[in-house]
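Report on one structure; see the data block that follows.
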Amino acid sequence: MTESIRVLLVDDQELIRVGFRLVLEAEPDMVVAGEAADGDEAIRRARELTPDVVLMDIRMPGLDGIAATEAIVSSMPDTRVLVLTTFDLDEYAFGAIRAGASGFLLKDAQRHEMTSAVRSVHRGDAALSPRITRRLLEHLGPRLPAVEDASDPTSALTERERDVFRTIARGLTNAEIAQELHLSESTVKTHVGRVLMKLEARDRIHAVILAHQYGMS
């Protein structure tokens, strides 16, 4: 039997946490490991519970979700953070992505969208659609630092890995990549893992940003 995805809920509004808990615990493969009401508590609880996924509200009193995301990602690389925001692609959402979040979700998302996003980030996919990926790069692109050709890590990729890298850069999931490149999902998963390792990318979001920096998006 597959182990349940352990989720930490972080939101300063108790009613929202209750609603999220009801949605997630109705799923057979998910369990709410704990809750937190602010950024400081989120960091403490994450270290205590080592959840698979943190559902992180961005705007909270005290330490906000961006700072908490950065602290959790830097100290717990196996924990994925999915940020919650009220507005589609606002400055706070971009700040959380820069801090290391693996995707974001609107608070008014449908229940199937929430559970799908949690599963996506848990298995290593980014919870961003191709449309969102394009807008993310449009926003972040001008702010990304220039890179030196001599330091280009993409030179270590095989031709097939470069193909996979380009599809990751477009925001495609493993299933979509498999269909486009006529590969099995297990083969795609292997290629994605090798791409992330060679690029020293922490996750697919980081890989998308690198693809833009190195002109492969």
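Values in this document were obtained by computation on a predicted structure and should not be read as measured data. In this chain, residues are counted from 1 in sequence order. We use all heavy atoms of the structure for the numbers below, so side chains are in, but hydrogens, waters and symmetry mates are not.
- For the pair Val31 and Val7, the minimum side-chain heavy-atom distance is 4.5 Å or more.
- Note that the CD atom of Glu70 and the CD1 atom of Ile43 stand 9.5 Å from one another [nearest 0.5 Å].
- Within the 3.5 Å criterion, the main-chain N or O of Gln110 finds a donor-acceptor partner in the side chain of Glu113.
- Although no hydrogens or angles enter the test, the distance criterion places no donor-acceptor pair under 3.5 Å between the side chain of Asp163 and the main chain of Arg166.
- Leu82 CG to Leu105 CG: the interatomic distance, rounded to the nearest 0.5 Å, is 5.5 Å.
- Taking 4.5 Å as the limit, every side-chain heavy atom of Glu35 sits out of range of all side-chain heavy atoms of Glu14.
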Steps toward side-chain hydrogen bond (donor to acceptor under 3.5 Å, both in side chains) verdict (Ser184, Thr187): CA-CA 5 Å; Ser184 69; Thr187 299; 2.8 Å; yes
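- Residue pairs meeting the salt bridge (charged side-chain N to carboxylate O under 4.0 Å, His left out) criterion with at least one member in residues 177-186, sequence neighbours excluded: Arg170-Glu180.
- Residue Val121 is tested with Ile5, Asp52, Val54, Val53 for a side-chain contact (heavy atoms from CB on, under 4.5 Å); the sole match is Val53.
- Between Lys198 atom NZ and Leu196 atom CG the span is 12.0 Å, to the nearest 0.5 Å.
- Listed by chain and residue number, Glu48 satisfy the salt bridge (charged side-chain N to carboxylate O under 4.0 Å, His left out) test with Arg45 (two or more places apart in sequence, or in another chain).
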Stepwise salt bridge (Lys or Arg N to Asp or Glu O under 4.0 Å) test for Arg59 and Asp12: CA-CA 9 Å; Arg59 304 184 192 192; Asp12 61 319; over 6 Å; no
